[in-house]
Amino acid sequence: MSSSTRSPRSRAPRLNAMDFASLPHRFGDRDQIGALRTAEELLEPEQSGERAWRISGRVLGRRGQGGVTFIDLEDVTGRVQLLAELERMGEEAYEVVRSVSIGDLVGVQGTAFRTRRGELSLQVAEWTFLAPCRLPFPDRHHGLQDVEVRHRQRYLDLMTDAEARERFIARARMIASIRRSLDEADFVEVETPVLQPLYGGAAARPFITHHNTLDRDLYLRVATELYLKRLVVGGLEKVYELGKDFRNEGVSHKHNPEFTMLEFYEAYADCEDVMGRTEQLVVAAAQAVCGTTKVTIKGQEIELAGPWPRITLGAAIEEKTGINPMTLGRDPKPLEDYLKSQGIDTSRDKTWAQLVDHLLSHYVEPTLISPTFIIDYPVELSPLSRRKPGEDGVVERFEAFCGGMEISNGFSELNDPDDQRARFEEQAEMGRAGDDEAHPVDEDYVTALEYGLPPTGGVGLGIDRLAMLLTGQETIREVVLFPAMRT
RNA sequence: GGGCCGUUAGCUCAGCUGGUAGAGCAGGGGACUCUUAAUCCCAAGGUCGAAGGUUCGAGCCCUUCACGGCCCA
């Protein structure tokens, strides 16, 4: 990385001599700049407001004109110009204000005033220096262009780019909306272990860590699924968890090794029910963040309001490749031949299921820009899903795709302990065949099923990816505050 | 993991065919009583990502490495 802030050149002597202990510890009774702007909007040029305002924030601009100095002050709600006048303040106070540096944090009291040129301003009556900015500030006009610095020193990005701030505030509103939707539907929010003796609930490689006192390795969870369903067995009936999962895999525009996932489980419901609830959650979140259900992704305006079209996995792959893997038995040969004929490396696809997954992610996923449910997955790809009656080898499962990404995955939960044990064994076999994302056997989970899991529907929803959709971003790093970087 | 591109002042960027480093902004000093990227004057600011190599001479050419970006897997 560039040695951006490593060798600060000294700034004004006043800053080097500054005694932090003498600076105020608080600046109370603050007004928000946004509120000031709204309340004083109707002021005419050269007219003063009635009330005193008390605002604070960061200095982002300064224009001097002899006996008048203009300063741009910004807080999280907005920006306003400060007007300091030698004639009104006296020389001593005026010089203090005039010596402020870009980046400094200050508190100001005064009345609103609209300048001759029509700019709403705060006429400075009292000035409190709160904290210095000791390092040179990023370029005011171009902003911070270096993507690496924006991510490693996100505070600089947030300081200089109001859009970046708004994006993360939008993400927070989205998450609040999701919680509100589930809470209003009588779901219980729970917290399950991040450190797990055995990982499960998703096809993924885990991070491994070590507990010193217990002297044993533990896994960081790849999903919350198996714990949440244990809670449904316990009678909590409708549960959800919103938190970080960890997958020891590559980093890309849609993958961060730690990411935020929502999972919810609803007893006495099935795949159909949770598909509907997924649509509703997304629509409510879009309304909360954007005020509309139309968003623009990759230059296309898309409609998020349901019902989302549904297409079976076999038909979706057939539409793009001419091959329907679900009608060819479980023969990997035609799938492998097709991929190879297209010049695609299949050396890491050890099993029929991996080949199907490869076809889906390569030919289907990138084309699904508007929200779409892919349904009717093969049982080999779905070790925790309930079988679909009347269709051999197929389960009641969906994945929702949008913006060319998987955003959600849900199903009718498998509650037959014997079948579950057999699926785990089959996964173990696939693991031995070279699938390093295969599930490990979780006997304790099977035991929970032996006590009786009601018919249940459940869903995982990728929060970062939904945030990408609702904020119009094409990389996950722009919706994660501190994305994974090489150190 | 592979391919391509990038890394020069605190920030944003120039830098020709190889001849020893430039601007704007920020920061420092000064002028200026309604500015909006204010303007004007002065001074200061560099291990050119790192290490090797070629050369009389390397920011520039070659090799390796680090970090980042984009694409592919």
Side-chain angles (χ1 to χ4, degrees), chain A residues 1-17 43-48 58-74 79-91 94-95 97-104 113-124 132-153 156-157 159-161 249-255 339-340 342-349 354 357-359 361-363 365-366 404 436 474-478 483-487:
Chain A
M1 87 183 243
S2 59
S3 60
S4 49
T5 58
R6 293 276 169 71
S7 51
R9 291 171 308 115
S10 65
R11 286 190 35 171
R14 75 187 168 87
L15 292 182
N16 295 333
L43 279 183
E44 297 290 331
E46 299 199 67
Q47 187 187 355
S48 289
R58 194 180 288 275
V59 171
L60 288 180
R62 192 191 62 180
R63 296 170 291 281
Q65 180 87 20
V68 183
T69 294
F70 302 93
I71 290 164
D72 294 324
L73 190 73
E74 190 168 84
R79 183 186 293 210
V80 72
Q81 173 173 275
L82 307 180
L83 168 61
E85 290 168 294
L86 171 61
E87 221 166 69
R88 296 168 81 80
M89 302 178 71
E91 189 161 348
Y94 180 73
E95 281 306 315
V97 172
R98 210 167 79 114
S99 71
V100 76
S101 281
I102 287 176
D104 288 347
F113 177 77
R114 193 178 291 279
T115 64
R116 273 171 235 164
R117 296 293 177 88
E119 180 77 26
L120 182 63
S121 307
L122 189 76
Q123 209 156 26
V124 177
C133 173
R134 294 211 294 201
L135 293 175
F137 214 66
D139 190 284
R140 212 158 83 229
H141 320 132
H142 302 93
L144 196 58
Q145 297 298 311
D146 187 326
V147 175
E148 181 178 358
V149 176
R150 289 205 296 112
H151 293 160
R152 286 189 194 275
Q153 294 176 274
L156 291 176
D157 187 29
M159 260 180 230
T160 53
D161 184 357
E249 293 164 356
V251 174
S252 82
H253 69 101
K254 54 183 183 179
H255 295 91
L339 284 162
K340 281 182 173 165
Q342 301 295 305
I344 292 169
D345 176 19
T346 57
S347 61
R348 292 203 295 192
D349 301 322
Q354 283 178 308
D357 199 34
H358 197 156
L359 288 167
S361 59
H362 191 269
Y363 290 102
E365 180 171 3
D436 57 8
E474 290 181 22
T475 119
I476 195 169
R477 288 189 293 269
E478 297 302 346
M485 308 280 282
R486 277 177 216 254
T487 46

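A, B, ... follow the sequence lines: proteins, then strands. Residue 1 opens every chain.
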Between B:rU54 and B:rC60, how far apart are the two P atoms, rounded to whole Å? 15 Å
On the nucleotide B:rG68, are OP1 or OP2 found under 4.0 Å from the side-chain N or O atoms that A:Arg150 carries? no
Describe the nucleic acid contact of A:Arg98 in one word from base, sugar-phosphate, nothing, applying a heavy-atom distance below 4.0 Å. base
Side-chain donor or acceptor of A:Asp139 under 3.5 Å from a matching atom on the base of B:rG10? no
B:rC65 -> Watson-Crick or G-U wobble partner, both distances under 3.5 Å, gives B:rG49
Would you indicate what A:Arg486 reaches in the nucleic acid, counting non-hydrogen atoms under 4.0 angstrom: base, sugar-phosphate, or nothing? sugar-phosphate
Do A:Arg62 and A:Thr69 come close enough that some side-chain heavy atom pair is under 4.5 Å? yes
Are A:Glu365 and A:Lys254 side-chain neighbours, meaning at least one heavy-atom pair lies under 4.5 Å? yes
Could you check whether any side-chain heavy atom of A:Leu83 comes within less than 4.5 Å of a side-chain heavy atom of A:Phe70, counting everything from C-beta outward? yes
Roughly how many Å apart are B:rA58 and B:rC71, using the C1' atom of each and rounding to a whole number? 32 Å
Please determine if a side-chain N or O atom of A:His358 lies less than 4.0 Å away from the OP1 or OP2 oxygen of B:rA73. no
When rounded to the nearest Å, what value does the distance between P atoms of B:rC32 and B:rU7 take? 43 Å
What's the CG-P distance between A:Asp161 and B:rC11, to the nearest Å? 17 Å
May I ask you to verify if any side-chain N or O of A:Gln65 is less than 4.0 angstrom from the OP1 or OP2 atom of B:rC34? yes
Residues A:Glu74 and A:Arg58 bridged, charged N to O under 4.0 Å: no
What is the glycosidic conformation of B:rU20: syn, defined as within 90° of 0, or anti? syn
Base-pairing assignment for B:rC40 (Watson-Crick or G-U wobble, both under 3.5 Å): B:rG30
Suppose we define a pair by two distances each less than 3.5 Å, Watson-Crick or G-U wobble; what does B:rA58 pair with here? none
Min side-chain heavy-atom separation A:Met485-A:Val251 under 4.5 Å: no
Once you apply a heavy-atom cut-off of 4.0 Å, does A:Gln81 come out as touching a base, just sugar-phosphate, or nothing? base
Under a 3.5 Å cut-off for both contacts, is B:rC16 paired Watson-Crick or G-U wobble with anything, and if yes, with which nucleotide? none
Does A:Arg477 put a side-chain nitrogen or oxygen below 4.0 Å from OP1 or OP2 of B:rG69? yes
Can a side chain N or O of A:Arg63 be found less than 4.0 Å away from OP1 or OP2 on B:rU36? no
Under 4.0 Å, heavy atoms only, any strand: does A:Phe113 hit a base, just the sugar-phosphate, or nothing? base
Take atom C1' in B:rG10 and the same atom in B:rA73, then report the distance between them in whole Å. 39 Å
Nearest-Å distance once atom P is located in both B:rU33 and B:rA21: 41 Å
How would you label the contact of A:Gly143 with the nucleic acid (heavy atoms, under 4.0 Å): base, sugar-phosphate, or nothing? sugar-phosphate
Which part of the nucleic acid does A:Leu144 contact within heavy-atom distance under 4.0 Å: base, sugar-phosphate only, or nothing? sugar-phosphate
Looking at side-chain heavy atoms only, is the closest gap between A:Leu73 and A:Val59 below 4.5 Å? yes
P spacing across the pair B:rC25 / B:rU39, given as an integer number of angstrom: 7 Å
Give none if B:rG10 has no partner; otherwise give the nucleotide forming a Watson-Crick or G-U wobble pair with it, both distances under 3.5 Å. B:rC25
Could you work out the separation of B:rC65 and B:rG24 based on their P atoms and round it to a whole Å? 40 Å
Taking atom types as modelled, is there a side-chain donor on A:Arg63 or A:Gln81 under 3.5 Å from an acceptor on the other? yes
When the distance from CG of A:Asp72 to P of B:rA37 is rounded to whole Å, what number comes out? 9 Å
Give none if B:rG1 has no partner; otherwise give the nucleotide forming a Watson-Crick or G-U wobble pair with it, both distances under 3.5 Å. B:rC72
If you measure from the P atom in B:rA37 to the same atom in B:rA26, how many Å do you get, rounded? 12 Å
